[in-house]
Every structure is written in structure tokens, then in C-alpha cells.
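Take a look at the structure set out below.
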Amino acid sequence: MLRTNPHYARMGKSYLFAEIAHRVAAFRKAHPGTGVISMGIGDVTQPLVPSVIRALHAAVDDMGSPDAFHGYGPEQGYAFLREAVALEYAARGVSISPDDIFISDGAKCDLGNFQELFAPDVSIAVTDPVYPVYVDSNCMAGRGGTWTEHGWSGIRYLPCTAENGFAPVPPEKAPDVIYLCSPNNPTGTALDRASLGEWVRYARSSGMLIMFDSAYECFIDDTEGDIPHSIYEIPGADEVAVEFRSFSKSAGFTGLRCAYAVVPANLKAGGKGRLHDMWARRQTTKYNGCPYIVQKAAEAACSPEGRGETAAVVNIYRNNAALMRGTLNALGLTVYGGIHAPYLWVRTPRGMDSWDFFQFLLDRAAVVCTPGSGFGPSGEGYARLTAFSSPADTREAMTRLTDALKQA
Ligand SMILES: *Cc1c(COP(=O)(O)O)cnc(C)c1O
């Protein structure tokens, strides 16, 4: 019989979203006709902007024309898009070579795939709570050890709590790799220039690699604190950090699929330039590139017109988040995040644990959240609410939530 990867056997089911779906289905069955509002899943709801739609149509026509047809593209992405992305960095004073930008069909895939370049026994650290992809992809590669009630024995968890302002502190002993996500999913908080600078200094002195996920960079509110949009705003970060970005949340591409990784040739971890060369080798071997049509759409999202239109959409979600923050604060709840990110990290009230609060919101308000405990041990006692619903659904959800909490 074929022997399968033993590390998958230890993974178990993806319990969190399956359990949520199960509980929501049970509620719907018991309360037919009650509209359930989901503030649980991190997916956008607004349609693509007009300049992106126009670029898609034009690119489709290209594909039907003998002169403009495109077959296999460059695995690293078309130069037109890599140059457009480099210009976006330049607009923030960051110099990135288009040669260091690798276009892909998703930051989730890039973040999951990149660990292939590490030796099997490197030490991995993540923040807690955490975006599960960082942990699961390393466990599938055998770096997890065994599962315990405190998480995986082979992964180092750095607690992010209200006490440390959800900003992880570099540990005494450096791991080989740390995953940082800012603005953060799930806590909705962001690392300021001082704390990100501390991580870069620590990486430079210890040789640690930083895997920096800035998928929510477009949500940063520049009027509230000093939050870098890119880790490369910190001098010297190009020698220690890979940055992952996506058009998913910034331009509504969750269904279209386009993202990129910046893997600088200057990176020192693993030997100078080695990770850059290995990632190029990996992508050319296992990947044939993001579709031409989609890359043209992404290019349009980077144009001045596209940027204006997508910023207006991001503002819709930002306004939802502000309404949610205001409502929850007025109810006396303790709320974090929601300023630089579309996520609110809400302390569960009245001694409820994460799942109690989930069930309370579902039963009393027909609103779905995500229990914080699903993101790691330090998520217990919190719930994540997303601002990605429509403004009308967001208002309705806040009204129901207010009634539920006042009655209870
Ligand atoms: C949504 C999200 C991404 C982007 O994933 P895509 O595959 O590009 O859609 C990356 N990181 C985090 C933490 C996210 O929430």
C-alpha cells in the first residue's frame, strides 16, 4: 500500500470553520426565516471596481486576437505588473527591484509554499493568536511535533495579549524563522515603527528570517500613529525579511486571485541571495504563473484611477469598522483593532468563553463571529468580528447586538 505523508495524519480536521458551519446550520434549521448575518469569514463583499472590470474585458479581447493572444507567461509574473508594484513601493519611499517581486495567485499559497525552502528541522515561531496557514503548512512539512492543548510542541508561540498591546516581543533565544502579520489577522492591531524596528534589529543580529505578511496594508490609517505599510520602510529589512502582499483585500480579488512575494536578492538568511534564487527555482518548476487576464486587472488596480476606486471601497469597510467599534464600546465591551484593519478583536463579556459568546451572538442576535480560541491558546476569551459585510448588514447586526446585550 502507498505510504502517505505521516505529518498529515497528525493534522486532524480544520475544526474551527467546520464547527461554525455546523452550529449556524443548526440555528437556521431551528429558526427558519431569520436572516443570519455573517461577521465571521474574512471575505470581501463589495464588487470589483470599474477600472478593474474594464481591464478584464480588454484582456479577454486580447486573448481572442491573433496579435494580442498570450499563452504561458513568465512564471515570476509579467514585467508590466512587477513594475507597477515596484512603483507602489517607490511612492512610499521604498526602493524594490521588479526582479525581487514574484507575482502569484495568492498570498496564502505563497505563505504556505515558502517553507519548502527551509531545512526540515529549522525552528519556527509564530504569534498567538495566529493566521492558521503559517502553523499548518509547517506541520504538514513535519515541523509541528505533537499536538497538545497549548498548541504544537514543535512550534514556538509568542503570546499577543492586551498586556503587551498585541505586539509580540522578540524571545530570548532566536528562532530560525518568525511569521509576523501586520496589520494583524485576527487581532486587527498593527505593529508601529518602533516595534517593527526592534524585530528587524533582532533579526539582523541573530540571523533570523522574518516572514512578513502585510495583506491588510491598505487598511492602515496614516492619521493614527506611525505604522509602516511595508517592513522595507525599516532600514536593513531587505537583508532579513520576505514580504507577502495580495490584491485580495485591497482590491477585492479574493475570487480573481493575484498576490506577490518580495524576496530580495539582498536577503542574508540561508546565504546571500540564496532564498531569492531558490524561490525563483521553485516557482519556475511548480508554477506557471498567474493568468494574463488577472495580471492586467491587477495592473489596473495599481493605476491612479484604480487606486482611487479601490480606496473608496476600502473606506466602506473602514466605516463599517468605525460603526462597530463605536457600538461595542458604547455597550461597555472592550474592543481592540478595527482602526488599521477590517477586524475587531472583542473581549468576551460576563465571563463567557469564546464559544459561549459565539453561541450567545448566534442565538440572541443571529450574528456569526469567529471564536478567538480558534486562532490559538491566547485567543481564548476573545471573538473576531469582521467589517467586510455590507453597510446595511453591519448596521442591522449592530442593532441586533445592542438589543441582545441590553436584554441579557
Ligand atoms: C486574506 C489574507 C491573505 C491573502 O490571501 P490570498 O491568498 O492572497 O487571498 C494573507 N494573509 C492573511 C493573514 C489574510 O487574512
Side-chain angles (χ1 to χ4, degrees), residues 14 16-17 20 38-46 48 52 77 81 85 88 101-115 126-138 158 160 166 168 178-191 210-220 227 229-231 241-263 283 287 289-291 294-295 297-298 301-302 310 313-314 317 321 337-338 340-345 369-370 372 374-376 379 384-389:
S14 178
L16 176 64
F17 288 100
I20 291 173
S38 175
M39 297 193 136
I41 301 197
D43 196 1
V44 299
T45 52
Q46 297 292 314
L48 295 167
V52 166
L81 183 54
V85 169
E88 296 220 307
I101 296 167
F102 294 77
I103 308 294
S104 75
D105 59 359
K108 178 175 168 176
C109 341
D110 288 345
L111 282 154
N113 291 331
F114 204 86
Q115 51 72 33
V126 298
T127 61
D128 167 28
V130 65
Y131 180 57
V133 177
Y134 316 149
V135 173
D136 288 5
S137 57
N138 277 290
L158 307 183
C160 294
F166 302 97
I178 174 97
Y179 289 77
L180 295 176
C181 179
S182 176
N184 191 262
N185 177 7
T187 67
T189 55
L191 298 175
I210 301 176
M211 298 277 281
F212 191 71
D213 182 349
S214 60
Y216 294 96
E217 161 274 326
C218 63
F219 281 88
I220 291 172
I227 313 291
H229 286 250
S230 162
I231 195 166
V242 180
E243 180 160 286
F244 299 87
R245 284 208 186 163
S246 173
F247 291 92
S248 284
K249 315 298 169 16
S250 62
F253 274 43
T254 53
L256 211 49
R257 312 303 307 143
C258 192
Y260 50 93
V262 180
V263 190
Q283 293 298 79
Y287 185 53
C290 176
V294 175
Q295 291 191 59
C302 295
T310 55
V313 174
V314 167
Y317 302 133
H340 302 296
Y343 299 116
L344 278 77
W345 192 239
C369 69
T370 311
F375 297 102
R384 189 191 73 175
L385 287 173
T386 85
F388 280 131
S389 299

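Keep in mind that the numbers below use all heavy atoms, side chains included, and drop hydrogens, waters and symmetry copies. Note that ligands are numbered from 1 as they come in the structure, with each ligand's atoms numbered from 1 the same way.
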What distance separates Ile220 CD1 from Ile227 CD1, expressed to the nearest 0.5 Å?
-> 6.5 Å
Can a donor-acceptor pair be found between the side chains of Tyr287 and Asn113 at a distance below 3.5 Å?
-> no
Flag Gly106 as yes when one of its N or O atoms lies below 3.5 Å from any N or O atom of ligand 1, and as no otherwise.
-> no
Phe253 near ligand 1 by a heavy-atom separation under 4.0 Å = no
Shortest protein heavy-atom distance from atom 7 (O) of ligand 1, along with the residue and atom involved | Arg257 NH2, 2.7 Å
Tell me, do Tyr131 and Asp213 make a side-chain contact under 4.5 Å, heavy atoms counted?
-> yes
Roughly how far, to the nearest 0.5 Å, is CD of Gln295 from SG of Cys258?
-> 5.5 Å
Counting heavy atoms only, which of Cys181, Ala215, Gly42 comes nearest to atom 10 (C) of ligand 1?
-> Ala215
Does ligand 1 have an atom under 4.0 Å from some heavy atom of Asp213?
-> yes
With only distance considered, is Ser246 within less than 3.5 Å of ligand 1 through an N or O on each side?
-> yes
Below 4.0 angstrom from a heavy atom of Lys108, which ligand 1 atoms are there? Numbered from 1 as shown, please.
-> 5 (O), 6 (P), 7 (O)
How long is the span from the OG atom in Ser389 to the CE atom in Met39, to the nearest 0.5 Å?
-> 4.0 Å
Going by heavy atoms in the side chains, are Arg245 and Ser230 under 4.5 Å from each other?
-> yes
For the residue pair Tyr343 and Tyr216, does the interplanar ring angle fall in the parallel (under 30°), tilted (30 to 60°) or perpendicular (over 60°) class?
-> perpendicular
Would you check whether Thr254 has a nitrogen or oxygen atom less than 3.5 angstrom from a nitrogen or oxygen atom of ligand 1?
-> no
Atom 15 (O) of ligand 1: closest protein heavy atom, distance to 0.1 Å, is Tyr216 OH, 2.5 Å
So, do Leu385 and Cys369 sit near enough that their side-chain heavy atoms are less than 4.5 Å apart?
-> yes
For ligand 1, which atoms, with element, lie under 4.0 Å from some heavy atom of Ser248?
-> 6 (P), 8 (O), 9 (O)
Atom indices of ligand 1 within 4.0 angstrom of Lys249 heavy atoms, with elements = 1 (C), 2 (C), 3 (C), 4 (C), 14 (C), 15 (O)
